[in-house]
There are 2 protein chains.
Amino acid sequence: MSSKEDTPLNRKDQILKAAAALFAEKGYYKTTTADVARAVGVTQPYVFHFFKTKEALYLAVLQKAKDIILYVFSHTEASMEQLQVSMGRAFEVLLKSHRNEMLLIMTAFTTPEPAIRDYVRAGFDEVYERVRIEFTKAGIEDPENQAKEFIGCGLLITMAEVLQLPKLFL
Amino acid sequence: MSSKEDTPLNRKDQILKAAAALFAEKGYYKTTTADVARAVGVTQPYVFHFFKTKEALYLAVLQKAKDIILYVFSHTEASMEQLQVSMGRAFEVLLKSHRNEMLLIMTAFTTPEPAIRDYVRAGFDEVYERVRIEFTKAGIEDPENQAKEFIGCGLLITMAEVLQLPKLFL
DNA sequence: CTCCTTTTATTTATTGATAAATAAATTTTA
DNA sequence: TAAAATTTATTTATCAATAAATAAAAGGAG
């Protein structure tokens, strides 16, 4: 039994899912609302029935991605010695199960839409805070720097995925 | 005496320079050829006199950026013990003196134009090879992994710059 | 259960804006 | 005055977004 019932997705969620895949693959600018509509099997204007603008759609996808990360990092339990490793594993699993969403975050970094940049930056801080708090709760020492290192490592791994650099970084 | 004479730049180089700044700041898609032209003080179609397409202009800027990196990493001399540190310093200097070009490379990573992606990937390999060779020549052991680590670190630093994350990563 | 009414889901058609690219004309320089 | 540098004028294409129309489904009233 998965957390989500496997009732078929409603139109809005279908659009969010298709958009996540397309935005992750082709980025914000190269993905058209017509692409998203086509992927779902509806007409282009209908997308605007659910999301006022293309940007609003993008931000909605981004929020979902962030929520997933926050959830995972908040629900990884382990001993002080093991927490970093466990969370690292959890992130690797996440990168497989929600590849689109994770790649999307990387590309969002470099999307020069002010609203998107602001959202990404805020989301980044939020994730950092969450990790820092979890590390603190677990009694890890110097949680600030450990959290920074942890996130830096995650970024690097994700970037290697985006770039598809097989030789580099294992 | 700088390596470049300070003869005023010719139009083509003016365009390259302006394009580097704009592409770095606003990315490939959000930078228009009209933006570039305006920055230089010429008309939009005149840009096409020097570069057949917008993409060709972008690739030219990218090539210059890569050449700078290769040059710096090829000309940093130091003892085996000091080489990594010296090259790290050199990169930091580069990030200040050629900020636009370095940031551009980061954003180029996530630009989903096939030709651009291919160029970036190839350039990446080239830089890796260069670093690996320099490390090998200096007698550093396990040069492959040291080179990977070195580049990963550089990526992370550059990314922190792009994201303007002051708190994180020092 | 049927006719009428309202809502929900969706499409067709269109607009307005923006941007890359081309071609022809003009100005400047040597 | 010929060639090089640069502009004006224009084209073509693409896309987000809006508005109006249609079709199907659901919900009540007689």
Side-chain angles (χ1 to χ4, degrees), chain A residues 7-63 104 107-108 110-119, chain B residues 7-63 104 107-108 110-119:
Chain A
T7 43
L9 296 173
N10 62 30
R11 275 279 125 102
K12 190 173 181 178
D13 288 334
Q14 282 183 282
I15 289 171
L16 281 169
K17 191 179 171 187
L22 285 164
F23 282 137
E25 184 198 340
K26 314 203 299 175
Y28 180 72
Y29 299 108
K30 261 302 204 70
T31 301
T32 68
T33 56
D35 288 338
V36 175
R38 195 176 321 115
V40 175
V42 298
T43 56
Q44 177 259 334
Y46 193 37
V47 172
F48 289 85
H49 180 253
F50 299 99
F51 302 94
K52 243 178 87 180
T53 63
K54 180 184 174 179
E55 187 173 271
L57 168 60
Y58 190 84
L59 290 173
V61 172
L62 218 46
Q63 180 173 20
L104 179 73
T107 60
T110 54
T111 302
E113 252 5 83
I116 295 174
R117 279 201 114 96
D118 289 352
Y119 191 90
Chain B
T7 43
L9 296 174
N10 61 30
R11 275 279 126 98
K12 190 173 180 179
D13 288 335
Q14 281 182 285
I15 289 171
L16 281 168
K17 190 180 172 186
L22 286 164
F23 282 137
E25 183 198 339
K26 313 203 299 176
Y28 181 72
Y29 299 107
K30 261 302 207 61
T31 301
T32 68
T33 56
D35 288 337
V36 175
R38 194 176 321 114
V40 174
V42 297
T43 56
Q44 177 258 333
Y46 193 38
V47 172
F48 289 84
H49 181 252
F50 299 100
F51 302 94
K52 242 178 87 178
T53 63
K54 179 184 176 181
E55 188 174 271
L57 169 59
Y58 190 84
L59 289 173
V61 172
L62 217 47
Q63 180 173 18
L104 179 72
T107 61
T110 54
T111 302
E113 265 344 277
I116 294 175
R117 280 201 115 99
D118 290 351
Y119 191 90

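Chain naming here is simple, since letters A, B, ... match the order of the sequence lines and numbering starts at 1 in each. Side chains are part of it too, since the values below use all heavy atoms of this structure and drop only hydrogens, waters and symmetry mates. What you see is a predicted model, and the numbers here were worked out from it, not measured in a lab.
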**Study point:** Check: A/Y29 and A/T111 side chains under 4.5 Å, non-hydrogen atoms
**Key:** yes
Exercise for review: Using a cut-off of strictly less than 4.0 Å, decide whether B/R11 has a side-chain nitrogen or oxygen near OP1 or OP2 of D/dA5.
Suggested key: no
Revision key, fill the gap. When rounded to whole Å, the NZ to C1' distance for the pair A/K52 and D/dA19 reads 16 Å
Check your understanding: Going by heavy atoms in the side chains, are B/V40 and B/Y46 under 4.5 Å from each other?
Key -> no
Exercise for review: Please tell me if the side chains of A/I15 and A/K12 come closer than 4.5 Å, counting only heavy atoms from C-beta onward.
Suggested key: no
Check your understanding: In whole angstrom, what separates B/D13's CG from D/dA5's C1'?
Key -> 16 Å
Study note, to complete from the structure: note: B/Y58, atom OH; C/dA20, atom P; distance rounded to Å ~ 14 Å
Practice item. Hey, can you tell me if A/Y28 and A/F23 have their rings parallel, tilted or perpendicular (30° and 60° cut-offs)? Key: parallel
Review point. In terms of side-chain geometry, is the basic nitrogen of A/K30 or A/E25 positioned less than 4.0 Å from the acidic oxygen of its partner?
Key: no
**Study point:** For atom CG of A/N10 and atom P of C/dT8, their distance in whole Å
**Key:** 15 Å
Review point. Out of curiosity, A/T33 OG1 to A/L22 CG, how far, rounded to the nearest 0.5 Å?
Key: 11.0 Å
Practice item. Using atom NZ of B/K54 as one end and atom P of C/dA21 as the other, report the distance to the nearest whole Å. Key: 8 Å
Check your understanding: For residues 26-50 of chain A, which residues have at least one heavy atom under 4.0 Å from DNA chain D?
Key -> A/T31, A/T32, A/T33, A/Q44, A/P45, A/F48
